[in-house]
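This report concerns only the one structure given below.
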Amino acid sequence: MTPRFLRENGLSLAFGTGFLLALCGQAIAGHADFNNALVSDGMEPIGLGAYLTSSDFAVDVTENWQSEYLQFFLYIFVTVWLLQRGSPESKELDKAGPESDEDQLVGEHAPADAPRWARVGGWRQAVYSRSLALVMGGIFLLSWLAQSVTGTAAYNEQQLRDLQAPVGWTQYITAADFWNRTFQNWQSELLAVASMVVLSIYLRQRGSPESKPVGAAHTATGVEG
Amino acid sequence: MSISRGCRGLLVTALAVTTGCGAAAGERGDAAAAAATGFTYALQRADGRQACALLAPRTLDELEKPEQTPCAQAVTEERLPAGGAVRRVDVYGGQARVVLTGDTLFLAHFPSGWKVTAAGCTPRPEQPYDCTIKGG
């Protein structure tokens, strides 16, 4: 990797690396925690490989993934219509909605280097115009489904350890365990988004595109630094 | 023998490894059922030593503790119900429930195989099974 490549892709490389390191940390800590519970119940501890393919690890991973993708899906989708005066996370106050083809550089307004599906009309332009929200929303739904499936297995393993009957998937998705895991993640994501929208009205981070320029007025909307 | 409905109903192949569903669950279910029926057959033959070899360590300790009776004697004195044929097996991770025509047993997986953690179990609504023998 050349220095230029690293400079031009630093954001994705840093977050990708951070993700892998954090996942390793979760695997190690989760393995220790799981084995502590097993030993406490008089069971044999399991190896790291067995833990990494266990439903317990999978549900802990997927319950966080679904909420993160939901957060970004909502942010992408809701900010088409909902505005916030003074926030750099909002569009200007007269631009609610999907905007005109001219504003969005599609069809006859597309520049020469525009993606092909933005230049062509019909279903391809319609799909491409919503592709970011569709993919983020799709990953959210798949992660949530994965949480429900792996959560059923993890919940049932604990049920059997507690000498209780296992439940089916349809029972699990109405169970308190599933919704507790779901809501505890959703509330934190929604709080973080709401905080970002409001705090960025009044506070600044010099040089960050997520902030308004330091000297921008609190009432300036849709301005990024 | 049936594997849990939750597993059967979901054809999410990519998740099969992590949910304990799929082909591997069949083999694990068979092994758990074999341990459960082995335990009940040993008791039918009054072979306490063989039955104790199929007990999980903590369950064995709990059985011996009250009167300091050797496991082989204590387990036959418990008068557990006759097991019978396998009606249902549920396996999730390292835990299993085997429902026989005459009894329900819970098992856990150890390096030496499936071991009985509880036997002589009868269901109670909204509560854990009431088991004649179980770990602490």
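Lettering follows sequence order; numbering is per chain, from 1.
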Student check: side-chain heavy atoms of Tyr92(B) and Ser55(A) closer than 4.5 Å: no

Under 3.5 Å: donor-acceptor pair, side chain of Glu44(A), backbone of His109(B): no

Tyr69(A), OH: over 12 other non-hydrogen atoms inside 6.0 angstrom: no

Pair Gln95(B)-Met43(A), side chain to side chain contact (heavy atoms under 4.5 Å, CB included): steps then yes or no: CA-CA 10 Å; Gln95(B) 307 294 317; Met43(A) 311 290 170; 3.9 Å; yes

CD on Gln164(A) to SG on Cys121(B), rounded to 0.5 Å: 12.0 Å

Nearest-0.5 Å distance that lies between atom CZ in Phe106(B) and atom CG in Leu163(A): 5.5 Å

Residues, nucleotides or ligands: over 12 heavy atoms within 6.0 Å of Leu20(A) CG: yes

Separation of Gln127(B) CD from Asp162(A) CG (nearest 0.5 Å): 13.0 Å

Contacting region of Ser40(A) [heavy-atom separation from chain B under 4.5 Å]: backbone

Heavy-atom proximity to chain A below 4.5 Å, by part of Lys134(B): side chain

Distance in Å, Thr117(B) OG1 paired with Arg161(A) CZ, rounded so as to fall on 0.5 Å steps: 11.0 Å

Contact residues of residues 36-62 of chain B (partner chain A; heavy-atom separation under 4.5 angstrom): Arg58(B)

Heavy atoms of other groups near Tyr75(A) OH, more than 12 under 6.0 Å: yes

Min side-chain heavy-atom separation Asp90(B)-Pro166(A) under 4.5 Å: yes

For Trp117(A), all residues meeting ring pair (Phe, Tyr, Trp, His ring centres under 6.0 Å), sequence neighbours excluded: Trp123(A)

